[in-house]
Amino acid sequence: ELSKEAHTVVYGMDNKIALKADLFNENGTLLIQMEASKDYSIRLVNKTAKEVENAEFVAEGNDTLIKGNSNKTIKVVFA
């Protein structure tokens, strides 16, 4: 079950923010607002996406692996 929203920050070795993600679950659609200084990947465990906007994705078993490289809002629609 997805929560209504979640937030995370990852710091680099220089103690500066390397990645920030704000996730919002809106009626079964996941919006991920990304701020990243490098390429990144996000694994959604036991969630299968049928469509992802503004990033590449691949289904791996019951998981979805999302790969991105810029500061964008990613929209994930589930199967």
Side-chain angles (χ1 to χ4, degrees):
E1 189 71 27
L2 291 175
S3 299
K4 277 291 210 185
E5 67 181 66
H7 310 274
T8 192
V9 176
V10 177
Y11 290 88
M13 296 300 291
D14 59 1
N15 292 324
K16 294 182 180 177
I17 294 175
L19 179 140
K20 180 180 175 191
D22 297 307
L23 298 87
F24 303 93
N25 181 7
E26 297 183 358
N27 300 320
T29 297
L30 184 63
L31 300 177
I32 308 170
Q33 296 175 346
M34 294 298 303
E35 294 179 29
S37 59
K38 297 181 179 181
D39 293 354
Y40 56 85
S41 60
I42 302 166
R43 178 175 297 276
L44 302 175
V45 177
N46 292 323
K47 291 305 248 179
T48 305
K50 71 175 180 180
E51 179 183 339
V52 174
E53 294 179 11
N54 294 324
E56 297 180 18
F57 81 104
V58 62
E60 294 184 345
N62 290 330
D63 299 350
T64 299
L65 181 64
I66 298 170
K67 294 184 180 185
N69 59 6
S70 62
N71 300 331
K72 292 184 177 176
T73 298
I74 300 167
K75 180 179 178 182
V76 182
V77 178
F78 295 104

Residues 5-15 side chain polar contacts: donor-acceptor under 3.5 Å, at least two apart:
{"from": "Glu5", "atom 1": "OE2", "to": "His7", "atom 2": "NE2", "distance (Å)": "2.8"}
{"from": "His7", "atom 1": "ND1", "to": "Asp22", "atom 2": "OD1", "distance (Å)": "2.6"}
{"from": "Asp14", "atom 1": "OD1", "to": "Lys16", "atom 2": "N", "distance (Å)": "3.0"}

Contacts table for residues 64-79: side-chain donor-acceptor under 3.5 angstrom, sequence neighbours left out:
{"from": "Thr64", "atom 1": "OG1", "to": "Lys47", "atom 2": "O", "distance (Å)": "2.7"}
{"from": "Thr64", "atom 1": "OG1", "to": "Ala49", "atom 2": "N", "distance (Å)": "2.9"}
{"from": "Asn71", "atom 1": "OD1", "to": "Ala36", "atom 2": "N", "distance (Å)": "2.6"}

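Two different hydrophobic clusters hold Val52 and Phe24 under the rule that ILVMFWY side chains link at heavy-atom gaps under 4.5 Å. Both Leu44 and Tyr40 sit in one connected hydrophobic cluster of ILVMFWY residues. Membership requires side-chain heavy atoms under 4.5 Å apart, directly or through other members.
Other residues, nucleotides and ligands place no more than 12 heavy atoms under 6.0 Å from the CD atom of Glu56.
Between Ile42 and the options Leu30, Leu23, Ile32, a side chain to side chain contact (heavy atoms under 4.5 Å, CB included) holds for only Ile32.
Not counting sequence neighbours, the partners of Asp63 by the side-chain contact (heavy atoms from CB on, under 4.5 Å) test are Arg43, Val45, Asn46.
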